[in-house]
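So the structure is just underneath, and the comments pick up after that.
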Amino acid sequence: QVHLVESGGGLVQPGGSLRLSCAASGSIFSINGMGWYRQAPGKERELVAVVTSSLTTNYADSVKGRFTISRDAPQNTVYLQMNSLKPEDTAVYYCNAQIRVSWSRGASDYWGQGTQVTVSS
């Protein structure tokens with residue numbers, strides 16, 4: 001089994017910062033991409049940022065210049081540093097990873113349980 005465990009969410013004032021972490025554990029052969037998605041109330045889940053195994057990154061336009069995704073490959077961990085937070089960043093943030101559990105199987109999508117980020121004064 002594979003598990004993704006997120007941490008670092010919470011309540012922050014506009015303009016503040018938070019750092020999210022997501023650690024993958026279990027029967028992991030290799031990890032391709034890792035990333036963060038978010039879902040606000042009444043809205044669909046959307047991509048925030050992703051990082052490939054070669055450390056190429058991609059960001060949603062709404063977070064470019066404010067958020068930074070990084071990855072610690074040996075620790076199977078991905079981070080999201082969020083600066084200059086805005087009320088519209090309020091959402092449940094989900095970690096995602098494409099993980100192979102053996103050499104003979106392709107990668108599958110795995111998701112964390114989600115962590116709440118609330119930006120409010």
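- Of all heavy-atom pairs spanning S84 and D89, the tightest one is O-OD2, 4.4 Å.
- Both W111 and V50 belong to a single network of hydrophobic side chains, linked directly or stepwise wherever heavy atoms of I, L, V, M, F, W or Y lie under 4.5 Å apart.
- Closest of all the heavy-atom pairs between R71 and L55 is CB-CD2, 4.3 Å.
- In this structure, W36 CH2 and L47 CG are separated by 13.0 Å, a value rounded to the nearest 0.5 Å.
- The residues D61 and K64 are annotated as salt-bridged, a charged nitrogen and a carboxylate oxygen being separated by less than 4.0 angstrom.
- Within 6.0 Å of the CD atom in Q1, the count of heavy atoms belonging to other residues, nucleotides or ligands does not exceed 12.
- A donor-acceptor pair under 3.5 Å is absent between the side-chain atoms of Y59 and the main chain of R66, judged by distance alone.
- Checked against side-chain contact (heavy atoms from CB on, under 4.5 Å), N76 has the following partners two or more places apart in sequence or in another chain: A24, I28, I31.
- Put simply, I69 and V48 are part of the same group of oily side chains (I, L, V, M, F, W, Y) that touch within less than 4.5 Å, one to the next.
- A donor-acceptor contact closer than 3.5 angstrom links the side chains of S104 and S102.
- Between the R100 side chain and the R105 main chain, a donor and an acceptor come within less than 3.5 Å of each other.
- Here the shortest heavy-atom pairing between T90 and V119 reads OG1-N, 2.9 Å.
- L20 and Y110 fall within a single hydrophobic cluster, where Ile, Leu, Val, Met, Phe, Trp and Tyr side chains are chained together by heavy-atom contacts under 4.5 Å.
- Residues passing the side-chain contact (heavy atoms from CB on, under 4.5 Å) test with A91, sequence neighbours excluded: R38, A40, Y93.
- Cluster membership check: M82 does not share its hydrophobic cluster with Y94, using side-chain heavy-atom separations under 4.5 Å among Ile, Leu, Val, Met, Phe, Trp and Tyr.
- Residues in residues 9-26 take part in these side-chain hydrogen bond (donor to acceptor under 3.5 Å, both in side chains) pairs, two or more places apart or across chains: S17-N83.
- Expressed to the nearest 0.5 Å, how far NE2 of H3 lies from OG of S27 amounts to 8.5 Å.
- Contact between P14 and S121 at its shortest, heavy atoms only, is CD-N, 3.7 Å.
- You'll find the side chain of S120 reaches within 4.5 Å of the side chain of L11, heavy atoms only.
- Y79 and V117 fall into different hydrophobic clusters, where Ile, Leu, Val, Met, Phe, Trp and Tyr residues are linked whenever their side-chain heavy atoms come under 4.5 Å apart, directly or through other members.
- With hydrogens and angles disregarded, no donor-acceptor distance shorter than 3.5 Å links the side chain of Q98 to the backbone of N32.
- Rounding to the nearest 0.5 Å places CD of E6 at 10.0 Å from CG of N96.
- Between L4 and C95, the closest heavy-atom pair is CD1-O, 3.8 Å.
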